[in-house]
Every structure is written in C-alpha cells, then in structure tokens.
Amino acid sequence: MTSSLACSVDPLLQANYQSFPPSHRCKTHRRPFHRREDLRRLLNQSRNCQQLLQIHAHIIRAGLASGDHADTSLLYHLLRLYSSFSRLDLASRLFRLLPNPSTFAFNLMIRAQTAAGEPIRSLRLYNRMIFSGVSPDKFTFPFVVRSCAACFDAAKGKEVHAFAIKTGFWRDPFLLNALISLYFSCGDAADGLRVFEKMRVRSVVTWTALVSGLLACGDLAAAQAAFDAMPERNVVSWTVMINGCARNGRPEEAFTLFWRMLKENQNPNSYTMVGLLIACSELGSLSLVRWVHDFARKNGMLKRGFYIGTALIDIYSKCGSIGEALKVFDEMPVRSLATWNSLITSLGVHGRGKEALELFREMEKKELMPDGITFVGVLCACARSGMVEEGLKLYKIMKEDYKIESGVKHYECLVELLNSVSIQGKPAELSSELSTSAQQMLVNACIAYGENKAMDMD
DNA sequence: CTAGGGTTAG
C-alpha cells in the first residue's frame, strides 16, 4: 500500500497520509479520491492545514502529483492554500516537487518567503527564477521589490527596477508604489522622490507611500506638506501621519490630527490606536491612555489582535499603573511574544520580580520561545528585586539552553544585579552571598562586558 | 497571487 505513495516523492506526505486515524479517513472519504473535481471541491472547502495535508495525500494517491497525469492547477491551488495558512515549510516541500514551476508558482513562493520574514530566500528564489528562464510577470516585481526593502538593499532594488523596465512593466502602479517605499526606507529619498514625480497617475497609496517615506527620513515638514497636498486621504494616510508625529516628538499634533480625522468622518482602526498610544507615552498622561483604551474598547478593537494590548501594557506600566497593565494582559484574546515580554519587563521595572519570573515560567510551560528581550526583562526584574542567584541562573539558561547571545543590554542587567548586592548593604564580598559557580559566572560576565566598570562597583 | 500603516529592551 505504501508503494503508490513511496514513488510520490515526499516522505512527510506519505507519513501524513498514514498518520490519519482510519476512522477519520473512512468517515470523510471511503476510499481515495480520484476525480479532480472532487479534489478541487475539497480544497475549496478546507478550513485548516490538517485537511490540506489529507487532500494532498489523496492527490498523490490519485497519481495527480507527478508524472503524465500531474494536475498542475490542483497543485498550484494547494500551494496557494499552504502559503495562505503560513505554512512555508509545506509550501516549499510542494514547490520543490513541481516539475516545471510556473511564474505563478514562483510568485507564490517569493511572496510567502517575504511574508515569513525570509526576504533573502525570497530574493534567491527570484534569482533562480530568472536563471532558469521563467519570465517574471507584473505580480513578481512588486513582491521582489518588497523583499529588497525588507533587506534594505536598494542596489538589488535598482537591478530589479531596471529589469522591470526592460520587460515592459515600467508603469505598473504596484511596482512603482513599492519602489517609492523601497528607496525611502533605504534612506534614498532622492530616488524615491524621482519615482513619485515620474508617475502620471498617483493613487492614495502612492501619496501615502510618499508621506510615509518622508517620515521615515525624519522630514516632518515635508511629510506634513505632502499630506496637506494629497487629493484624498483614507485611514492609512491619517494613521501614517499620526504615527509620524507621535514618533517624531510631536504627540500633541498626533492628537490634533486624530480629532481632524474624526471630524472628517474617517474611521480609525487598531493601527491608528497604536499611533495614539505612542503619543500618550510621550505625553505621560494616564488619563489620556485610559481614554484611548476606552475608545478602542467601545469600537470593538480589543476583541482580536495583540498590537493594541501590547502597547497598552507597556504604556500603562510607564504611566505608573501596573494594575491596569495586568488587567489588559488578562483580557487579551491573543498574545504575541512581545505581549509577554512587555508584561515581564513592566513587572520587573515595578519591583515585582517574583511575578515577573512566574510569568516567565508560565511562558516556558506554554512552549513559547523566549528571545533576547525576554531575558533583558527577567534579568532586570531579578536585579531590581535583589534576586541575584536567580538572575545568574537565568543568564546561564539563556546562553546554554536557549542559545541566545548576550548583548550589551544583558551585561547591563548583570551589572545592575551586582549593584543590587551592595545596595542591600552586604559589602562587596560576593563570596558570602553567592555560590561559587555564580561568582565565577559573574566574573566572566564582567570580563565579557569589556570594562572593569562592573568590578569597580563593589 | 498585487500597493501604503502597528507592539516589547532603552
């Protein structure tokens, strides 16, 4: 029974087909599907990745995955669905097995790689596409330019730009808008502006890309002028401008823009709220944070997503209200790593080290991968709550178990840890306070920190 | 299958 699957190339899928419990397999499908229409219908109805894998197995069994009867449209459909479920791993496996990947297949993969935060792979794929003689189309170029932007590679962007001109896509608005963002985000304002000026039809998106680019270069005045000159504005344009003011030391203007936006009947969304919260942190006004929070709640923006919640935790804490930060965390429907990091850091800063560590443990239990920022949070929490031994133990865990490189921030926390020993009035002989291995680690850390500052403190 | 905008360390 395995033979028909075995020739089908991918052990993962073979194992997958076999791993379905017989009951499940039989209930939905008595026997493998052979008809393309059935398979297509199933693909259209699929709600999760498990189902996709199952259908994939059926496609293979029906002999439609390779050879003379390969049904490329089915496979491309499947490829699209894998990437829409953010399963880059499965998409790449499938992609590798396609006999002659079409432009469409390459486009899907190039886009999926960038979306997964792998812009370099995305660019490599583009190179391979060109090299193997598959012609790019109008979809390809915007994806590739966005990958260049993610790599801050303006030179590669120019190459792609040139090739797009050569192949006749020089006036594609999707490409040109992407190029504006690319050049500005690489600090190349002159080229960004040149693209903008050459465009004959400028959509809201084009204008917004310009405003956003000018803000990224810190040119608030030019951005403001461009914003005022826009023929029409939408939520994104307003949000970009609000965010830009908030991040460039003009929090009041961020709010002024927000009132204007409401007056012009533009509906703000969660992106807008985050911009306002950044402005709040600049203003340090707890009541204003509460107002924004309330506005977001009343407009149903807290029911999904984690950006507003994460920003709220950070800002409530910075405005002194750790209680409200905790409440936000508890009520969040979804959390990201940054959400956890934010609360851990907040608790630490507020001297509630024990709770910070509890939260860290809970995170580990949930098999959420901590990162360098998490450890800055826990180490700082330990330092401020005088938990020296725990701090050093965590530092060790960070390096040995999680293989996270320590950066300057981590060393700073270690120095603070050391300080906290003397703050507590225990004179600087760490010997009485720390285990031998802890002492050794501390010494090593201080040496690695590169200066004797740390040692001088005791 | 296309575009422009967001969270955490300091």
Side-chain angles (χ1 to χ4, degrees), chain A residues 76-77 79-81 83-84 102-112 114-115 137-146 149 169 172-182 184-185 196 199 202-213 215-216 227 230 233-244 246-247 268-278 281 301 305-315 317-318 325 328-329 332 334-346 348-349 370-381 407-410 412-413:
Chain A
Y76 291 163
H77 200 158
L79 189 66
R80 186 178 62 78
L81 289 168
S83 46
S84 79
S102 65
T103 302
F104 176 61
F106 269 106
N107 287 350
L108 281 178
M109 286 311 294
I110 287 171
R111 192 180 64 144
T114 316
D137 63 5
K138 61 171 184 168
F139 293 98
T140 318
F141 292 115
F143 297 152
V144 176
V145 169
R146 244 167 291 141
F169 295 103
D172 178 60
F174 290 90
L175 166 69
L176 295 171
N177 293 335
L179 282 168
I180 292 174
S181 307
L182 164 78
F184 274 108
S185 71
F196 176 83
M199 288 175 75
R202 297 168 186 147
S203 67
V204 206
V205 180
T206 311
W207 279 96
T208 307
L210 175 71
V211 171
S212 167
L215 287 167
F227 183 77
M230 286 175 77
R233 301 172 196 90
N234 63 15
V235 212
V236 183
S237 335
W238 285 99
T239 303
V240 163
M241 207 52 219
I242 287 171
N243 239 300
R247 286 174 193 283
N269 60 21
S270 61
Y271 287 77
T272 323
M273 295 298 108
V274 171
L276 290 181
L277 287 172
I278 291 166
S281 72
M301 296 179 195
F306 46 72
Y307 286 104
I308 299 181
T310 307
L312 276 172
I313 290 169
D314 177 52
I315 287 150
S317 158
K318 280 181 179 152
V328 169
F329 183 86
M332 280 173 74
V334 215
R335 303 178 183 119
S336 70
L337 176 59
T339 314
W340 289 81
N341 286 350
S342 184
L343 190 59
I344 287 173
T345 307
S346 300
V349 168
D371 64 359
I373 300 176
T374 318
F375 280 96
V376 173
V378 285
L379 291 176
C380 169
V408 183
K409 296 280 181 294
H410 300 106
E412 282 172 7
C413 293

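Side chains included, hydrogens not; waters and symmetry mates left out as well; all remaining heavy atoms used. The sequence lines fix the lettering, A, B, ..., with proteins before strands; numbering per chain opens at 1.
Side-chain atoms of Ser270(A) come within donor-acceptor range of the base of dG6(B), with a qualifying N/O pair under 3.5 Å.
With sequence neighbours left out, Phe375(A) forms a ring pair (Phe, Tyr, Trp, His ring centres under 6.0 Å) with Phe360(A), Tyr402(A). With sequence neighbours excluded, no residue satisfies ring pair (Phe, Tyr, Trp, His ring centres under 6.0 Å) with Phe139(A). Not counting sequence neighbours, the partners of Phe141(A) by the ring pair (Phe, Tyr, Trp, His ring centres under 6.0 Å) test are Phe169(A). With sequence neighbours excluded, no residue forms a ring pair (Phe, Tyr, Trp, His ring centres under 6.0 Å) with Tyr271(A). Residues satisfying the salt bridge (charged side-chain N to carboxylate O under 4.0 Å, His left out) criterion with Lys318(A), sequence neighbours excluded, are Asp314(A).
In this structure, the CD1 atom of Ile313(A) is 20 Å from the P atom of dG6(B), given to the nearest Å. Summarising the geometry, the separation between CG on Leu175(A) and P on dT2(B) is reported as 16 Å, rounded to the nearest angstrom. Spacing between atom CG of Leu215(A) and atom C1' of dG4(B) amounts to 12 Å, rounded to whole angstrom units. A straight line from CE of Met109(A) to C1' of dC1(B) spans 13 Å, rounded to a whole angstrom. For the pair Leu277(A) CG and dG5(B) P, the interatomic distance rounds to 20 Å; values are reported in whole Å. Atom CZ of Phe141(A) and atom P of dT2(B) are 17 Å apart (whole Å). dG5(B) atom C1' lies 7 Å from atom CG of Asn243(A), rounded to whole Å. Distance, Phe196(A) CZ to dG4(B) P: 16 Å, rounded to whole Å.
In this structure, Thr345(A) and Gly377(A) approach most closely via the heavy-atom pair OG1-CA, 3.8 Å.
Contact annotation: Arg146(A) reaches the phosphate of dG4(B) (side-chain N/O to OP1 or OP2, under 4.0 Å).
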Tabulate atom names and distances for all N/O pairs under 3.5 angstrom spanning the protein and nucleotides 8-10 of chain B.
residue, atom, partner, partner atom, Å
dT8(B), O2, Asn341(A), ND2, 2.8

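Among the heavy atoms of the strands lying under 4.0 Å from Ser336(A) is at least one base atom, whether or not backbone atoms are also near. Val211(A) comes within 4.0 angstrom of nothing in the nucleic acid, heavy atoms only.
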**Report entry** Verdict with reasoning, Ser203(A) to Thr206(A), per side chain to side chain donor-acceptor pair (under 3.5 Å)
**Finding:** CA-CA 5 Å; Ser203(A) 67; Thr206(A) 311; 3.1 Å; yes
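When the nucleotides dG6(B), dA3(B), dG5(B) are ranked by their closest atom to the side chain of Thr272(A), dG5(B) comes out on top. The listed nucleotides are dC1(B), dA3(B), dG5(B); the one nearest the side chain of Phe174(A) is dA3(B).
By the 5.5 Å and 30° criteria, Phe139(A) is stacked with the base of dC1(B).
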